[in-house]
Amino acid sequence: MNIGETILHLLKKEITDIEYSRYIKQLNFSQKLSKEDNVYFIAPNPLIMSWVKNRYSDKIAHLFEIKTGIKPHVSIVLKEKTKTRSKAASKEKTVSEKNKHSLLNIAHTFENFVEGGSNEFAYVAAKNVSEKPGKIYNPLFIYGGVGLGKTHLMQAIGNVLQNRGQSVIYTSVEQFLNDFTRHLRNNSMERFKDKYRKCDLLLIDDVQFLSNKNSLQEEFFHTFEELKNDGKQIVITADKHPKKIAGLEDRLKSRFEHGLVADIQPPELETKINIIKKKCEINRVKLDNNVITYIATIIENNVREIEGILSKLHAYSELIHMDITIDFAKNVLKEQLQEKRDHITIDLILNLISKELNIKPSEIKSKSRSRNIVYARRIAIYLARELTPNTMPQLAQFFGMKDHTAISHTMRKIEELIKNDEEFRLKIEELKNKTTSSS
Ligand code: ADP
Ligand code: MG
């Protein structure tokens, strides 16, 4: 068994037999394409490809990490693609050699991005940057909630420049950190610097995770300064405005604000509808307008959900040979909504709140009366009550409280706040969305 097969075998133990035979069994590991930090699996059709990408790539990466110590980027590609790829390989080689650090998704283009009021500003800014990199807005800082298209837009800039033969690096903070510690350990910081400071375009995703990582911030600051002085373009994303990222050095905040800060808001209904239409076109799924409108109204703010929903609808309709009518869609999605909730556990909520509010899970569960901790604990209880099937006595036990009255007291407090404080309401909405999309 090769490593890829071993990993799929391990994954089998974590999922249902149906999931395994429907999706995972259909994959082939490509030893030829895979490197230790970027592994390739080949899917027989676009559906399985996007389904596996959405549902399992994190799990697969995690299993690799357990087995090999390295958490790779997981690429799921189509069968035909790999064939044409090897034919064109010699031609592509110089470009891909040059860009071997960049892991851009080639589907993340401007053409595939749907513009609407909610993202227009960021879209136009990104488009401008791709036309005149390093010249107008440097850095470009894009921020907004989960699944609203930040990574897509930043990679669209990357794809434009990469197609022009420029060297592009796309990295997450996590990858940057891994690289940094690895080179530090191996005494090869010169190579690290070469890599990050000699590119034409640096895309760094989700910089809120730089929070409180001081030596990494220091290193990133110097990378930033050098690129900027050389007139190289930097594009950054985060889930919030630079000013609001806690635990970020002031000098970085001010650098981040210095170019252009563009936000992406949750899409309006019309934009959601247009995005669904676009995704149908890309994935060759045929849907009636009333089904499209229905999907647009049930998805919350996360565009990422759309792809999962389309794959699911399509897969089911193929399986039972039925067209996708509105009733069919309703039935399938009812299950999806329920399934989403089934995956949410109190621990998941605890960890999310801990990360978001920067308070240890053990503190949240403690009896501490300190203001921040009480605040985090109340939110965690509220979300657990709203999003998991746990009863009040069960929650009381989990959070070490006397009995269920303490829980109902907390619920009332939070509900009051939600009613009276718009900013708080939005915060809770955001956390709810994050919980459902991380489950
Ligand atoms: P973020 O980085 O903000 O969490 P992503 O860029 O990963 O979100 O987007 C999640 C998914 O939604 C991607 O598949 C992306 O292509 C899609 N998406 C988001 N916004 C749009 C849009 N306006 N048009 C087309 N696809 C979009
Ligand atoms: Mg992203």
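Computed from heavy atoms alone, side chains included, the values below leave out hydrogens, waters and symmetry copies. Both counts, for ligands and for their atoms, begin at 1 and track the order of listing.
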**OP:** Determine whether any heavy atom of Lys278 lies closer than 4.0 Å to an atom of ligand 1.
**Re:** no
Original post:
For ligand 1, is Met154 a contact, meaning one of its heavy atoms is under 4.0 Å away?
Top reply: no
Original post:
Can Glu14 and Lys59 be counted as an ion pair, charged N to O under 4.0 angstrom?
Top reply: no
Original post:
Is any N or O atom of Phe113, backbone or side chain, closer than 3.5 Å to an N or O atom of ligand 1?
Top reply: no
**OP:** Please say whether more than 12 non-hydrogen atoms of neighbouring residues, nucleotides or ligands are located less than 6.0 Å from CD in Glu423.
**Re:** no
**OP:** Record the part of Asn112 in heavy-atom contact with ligand 1 below 4.0 Å; permitted values are side chain, backbone, both and neither.
**Re:** backbone
Original post:
Does any N/O atom on Ile275 come nearer than 3.5 Å to any N/O atom on ligand 1?
Top reply: no
Original post:
Would you say Gln155 touches ligand 1, if touching means a heavy atom closer than 4.0 Å?
Top reply: no
**OP:** Assess Gly144 for proximity to ligand 1: is some non-hydrogen atom of it under 4.0 Å away?
**Re:** no
Original post:
So is Val146 polar-close to ligand 1, meaning N/O to N/O under 3.5 Å?
Top reply: no
Original post:
Hey, what do you get for CG (Leu27) to CD1 (Ile60), rounding to the nearest 0.5 Å?
Top reply: 6.5 Å
Original post:
Counting backbone and side-chain atoms alike, does Thr237 have an N/O/S atom under 2.8 Å from the Mg ion (ligand 2)?
Top reply: no
